[in-house]
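So the structure is just underneath, and the comments pick up after that.
Lettering of chains follows the sequences in order, A, B, ..., and the numbering in each one begins at 1.
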There are 2 protein chains.
Amino acid sequence: MALRYALIGLLLDRPGSGYDLARRFAEVVGAYAWDAKHSQIYPELRRLEEEGLIEVVERGARRRTTYACTAAGLSALRAWLVEPPASTGGVRNEHVLRLFLLAALGRDEALTVLRQTEAAAAAQVEHLTDQFVRLQEATGSDAGGPLGLTVQYGIHSYRATAQWARWAIEQVEGDPEFGVRPPG
Amino acid sequence: MALRYALIGLLLDRPGSGYDLARRFAEVVGAYAWDAKHSQIYPELRRLEEEGLIEVVERGARRRTTYACTAAGLSALRAWLVEPPASTGGVRNEHVLRLFLLAALGRDEALTVLRQTEAAAAAQVEHLTDQFVRLQEATGSDAGGPLGLTVQYGIHSYRATAQWARWAIEQVEGDPEFGVRPPG
DNA sequence: CACCACATGTAACGCGTTACATGATTGT
DNA sequence: ACAATCATGTAACGCGTTACATGTGGTG
């Protein structure tokens with residue numbers, strides 16, 4: 001269900017073709033929020049058009065079909081945003097799973113992984129902070145526009161990961177018992 | 001690929017049957033790291049056993065088959081943990097997507113969603129903090145054992161989300177232009 | 001005219017979910 | 001005896017990925 005609302009939202013920002021939307025996913029949205037390939041986008045656009053949530057506004061060269069969001073599409077998007085996010089049941093986050101399984105490693109290897117985690121998170125914070133400053137300049141807004149909100153979310157998340165990793169390193173360093181012996 | 005390592009890791013903690021593992025996912029692991037249903041677990045356990053990464057250690061009543069991790073299984077798990085997490089390409093996070101699409105809402109509705117986000121995150125911080133304290137007591141360790149690391153990760157994450165939401169609320173409150181007009 | 005980017009489409013496969021299905025053991 | 005829980009299995013479906021496939025328009 002998420003894909004269709006991502007598409008409607010992108011078309012609300014500005015109209016575009018399937019090819020264009022695939023690029024927006026690959027270059028911007030996919031790094032923060034949601035990703036999709038053209039093989040999934042084209043059929044979904046046809047369904048959305050059949051349902052009246054988007055409409056064809058131009059047919060250009062090379063079969064290019066430009067879509068735009070309709071009033072019905074905006075209503076549907078708003079309804080989805082306001083309704084409580086359907087509880088998915090369980091989490092499926094490979095990153096967290098790795099952290100959960102860390103105790104399977106020996107103490108030294110666990111520390112290596114944690115230090116890598118911290119370094120990677122700190123690098124992301126720097127990278128996203130740069131991007132945020134550029135967004136502030138580009139939009140002339142302190143919040144960096146709609147994308148700025150999402151970039152800030154990323155900054156907060158990675159900063160939290162880096163802080164957690166530092167805490168975890170202290171815990172493992174202070175625990176000589178950390179890790180397991182092989183079975184059998 | 002993640003499921004098999006989650007299973008190996010759980011069996012490393014202690015041996016168990018498919019039914020038992022399904023319960024561990026549903027009651028603990030699924031809330032933090034990874035989830036799986038019995039319909040996916042049973043076939044995967046058979047494959048892991050064929051590959052020698054786990055072994056049958058008991059056959060009990062009601063066809064119960066208890067598996068344990070083998071030395072080969074531990075090696076495979078360690079190799080997977082140490083290798084760099086295969087970059088998935090794009091993110092697919094419905095929560096972040098919703099935040100990204102927030103600008104499609106009017107200013108008031110956006111603020112409502114953000115306040116709900118903040119309240120939900122703050123509640124999670126409280127809930128996980130309680131759990132962490134109980135883990136510290138149960139394990140007699142400041143770090144709360146292996147699960148404690150993951151619970152702390154959750155606390156850090158949700159605290160970051162709550163902080164971000166407070167920042168975002170300030171930004172939207174200070175921006176009378178926030179939101180879009182319907183198209184057409 | 002060759003090449004690259006544009007532009008769309010289909011097919012096969014993997015992972016995960018829900019629903020359907022079966023039977024054994026324990027407790028009341 | 002009945003119900004609840006233990007215990008395992010299969011089938012159909014949805015979403016997403018990779019790979020395969022096809023054709024057009026602009027640029028050097």
> Going by side-chain heavy atoms closer than 4.5 Å, which hydrophobic residues are tied to A:Tyr42, directly or by a chain of links?
Replying inline: A:Tyr19

>> Taking side-chain hydrogen bond (donor to acceptor under 3.5 Å, both in side chains) as the definition, give me every residue that meets it alongside B:Arg63, ordered by chain and number, with sequence neighbours left out.
In response: none

> Hey, what's the ring geometry for B:Tyr5 with B:Trp80, parallel, tilted or perpendicular (30° and 60° as the breaks)?
Replying inline: parallel

>> Please report the distance, rounded to the nearest Å, between CD in A:Glu58 and C1' in C:dA7.
In response: 13 Å

> Between atom CG in A:Leu3 and atom C1' in D:dT17, what is the gap in whole Å?
Replying inline: 13 Å

> Could you give the NZ-to-P distance, from A:Lys37 to C:dT8, as a whole number of Å?
Replying inline: 17 Å

> Quick one: which of D:dT18, C:dA7, C:dG16 gets closest to the side chain of A:Arg64?
Replying inline: C:dA7

>> Any donor-acceptor pair, under 3.5 Å, between the side chain of A:Ser39 and the base of C:dT8, if you only look at N and O atoms?
In response: no

> With a 4.0 Å cut-off on heavy atoms, is B:Thr65 in touch with a base, just the backbone sugar-phosphate, or nothing at all?
Replying inline: sugar-phosphate

> Which residues in residues 17-31 of chain A have at least one heavy atom lying under 4.0 Å from any atom of DNA chain C?
Replying inline: A:Ser17, A:Gly18, A:Tyr19, A:Arg23

>> Suppose the criterion is side chain to side chain donor-acceptor pair (under 3.5 Å): which pairs have a residue in residues 96-116 of chain A, not counting sequence neighbours?
In response: A:Glu94-A:Arg98, A:Arg115-A:Glu173

> Over how many whole Å does the gap from B:Arg47 atom CZ to C:dG14 atom C1' extend?
Replying inline: 10 Å

> Taking C-beta and beyond as the side chain, do B:Tyr67 and B:Val57 meet within less than 4.5 Å on heavy atoms?
Replying inline: no

> Is the phosphate of C:dT8, meaning OP1 or OP2, less than 4.0 Å from a side-chain N or O of A:Arg59?
Replying inline: no

Considering only nitrogen or oxygen atoms on both sides, find all protein atoms under 3.5 Å from nucleotides 21-28 of chain C and state each distance.
residue	atom	partner	partner atom	Å
C:dT25	O4'	B:Arg62	NE	3.2

>> Among residues at least two apart in sequence or on other chains, which ones pass side-chain hydrogen bond (donor to acceptor under 3.5 Å, both in side chains) with A:Glu51?
In response: A:Arg4

>> Among C:dT10, D:dT17, C:dC15, which nucleotide has an atom closest to any side-chain atom of A:Arg46?
In response: C:dT10

>> What is the distance, to the nearest angstrom, from the CD atom on A:Glu44 to the C1' atom on C:dG9?
In response: 16 Å

> When you measure from the side chain of B:Arg92, which nucleotide among C:dT10, D:dT17, C:dT17 comes out closest?
Replying inline: D:dT17

>> As a test of reading the structure: which of C:dT8, D:dA11, D:dA19 is closest to the side chain of A:Tyr42, going by heavy atoms?
In response: C:dT8

>> Rounding to an integer number of Å, can you tell me how far B:Arg4 CZ sits from C:dG16 C1'?
In response: 16 Å

> For the atom pair CZ (B:Arg14) and CG (B:Asp20), what is the distance rounded to the nearest 0.5 Å?
Replying inline: 6.0 Å

>> Counting only side-chain nitrogens and oxygens, does A:Gln40 get under 4.0 Å of the OP1 or OP2 atom of D:dT17?
In response: yes

> Whole-Å distance between D:dC15 P and B:Leu97 CG?
Replying inline: 15 Å

> In chain order, what residues pass the side-chain hydrogen bond (donor to acceptor under 3.5 Å, both in side chains) check against B:Arg159, with sequence neighbours excluded?
Replying inline: none

> For the pair made of CD1 in B:Ile41 and P in C:dC15, what is the distance, rounded to whole Å?
Replying inline: 15 Å

>> Run the side-chain contact (heavy atoms from CB on, under 4.5 Å) test against B:His95 and tell me which residues pass, sequence neighbours left out.
In response: A:Tyr153, B:Asn93, B:Leu99, B:Thr117, B:Thr161

> Quick one: side-chain contact (heavy atoms from CB on, under 4.5 Å) partners of B:Glu58, sequence neighbours excluded?
Replying inline: B:Arg64, B:Thr66

